[in-house]
Amino acid sequence: MADDSSQVSGDGELADRVARIWRDVLNAHGRSAQATFFDLGGQSIAAVRIAGRVEDELGIQVDVGMLFEDSDLDGFTRHVRAMAGQSDAPAAGA
């Protein structure tokens, strides 16, 4: 049996796991998926906690600053996917 603690197999699984971390840290269960990090009361400590959990649980190091630049769940998930090498996000400058 493979250890999936540091790898995410499918895109859907990645999105689900990132969403779970997002909702847990921001206590956003049952709230709009379009709500931004700031709409959900996100602050610096929450950003650090989200990034830390993504790294701990998924083995993907992410830039905390992305939560402030592209602050909705979809944007953050695209960033995580790109950092995991599963990028379907547009290249920088494109």
Side-chain angles (χ1 to χ4, degrees):
M1 177 183 229
D3 175 15
D4 69 349
S5 63
S6 65
Q7 292 183 326
V8 179
S9 60
D11 183 51
E13 181 183 351
L14 173 65
D16 290 345
R17 292 175 75 181
V18 170
R20 187 189 75 240
I21 292 167
W22 172 278
R23 289 183 186 109
D24 286 350
V25 172
L26 295 172
N27 195 23
H29 301 280
R31 301 203 39 206
S32 171
Q34 286 75 38
T36 68
F37 178 74
F38 301 109
D39 292 340
L40 298 170
Q43 297 179 8
S44 296
I45 191 68
V48 170
R49 289 180 61 212
I50 289 170
R53 283 191 53 189
V54 167
E55 185 171 357
D56 290 347
E57 295 178 26
L58 305 178
I60 302 167
Q61 188 171 17
V62 296
D63 179 3
V64 174
M66 284 305 299
L67 286 161
F68 299 103
E69 293 173 21
D70 198 355
S71 65
D72 65 357
L73 178 56
D74 287 342
F76 183 65
T77 301
R78 282 190 302 273
H79 174 67
V80 174
R81 187 179 302 120
M83 298 308 294
Q86 300 176 4
S87 178
D88 64 355

Give, for atom CG of Leu73 and atom CZ of Arg78, the distance between the pair rounded to the nearest 0.5 Å. 10.0 Å
Candidates Val18, Ile21, Val80, Ile45 - the one meeting side chain to side chain contact (heavy atoms under 4.5 Å, CB included) with Ile50: Ile21
Non-hydrogen atoms of Ser71 and Trp22 that approach each other most closely: O-CH2, 3.2 Å
Drop me the distance from Thr77's OG1 to Met66's CE, to the nearest 0.5 angstrom. 11.0 Å
Is the Phe68 ring parallel, tilted or perpendicular to the Phe38 ring (thresholds 30°, 60°)? tilted
Side chain to side chain donor-acceptor pair (under 3.5 Å) pairs touching residues 35-51, sequence neighbours excluded, are Thr36-Asp39
Of Val54, Ile60, Asp63, Leu58, which meets side chain to side chain contact (heavy atoms under 4.5 Å, CB included) against Met83? Ile60
So how far is it from Asp72 CG to Leu67 CG, rounded to the nearest 0.5 Å? 10.5 Å
Ala51: partners by side chain to side chain contact (heavy atoms under 4.5 Å, CB included), with sequence neighbours left out: Val62, Val64
Asp24: which residues meet the side chain to side chain contact (heavy atoms under 4.5 Å, CB included) condition with it, sequence neighbours left out? Arg20, His29, Arg53
Nearest heavy atoms of Leu26 and Ala46, plus distance in Å: CD2-CB, 3.9 Å
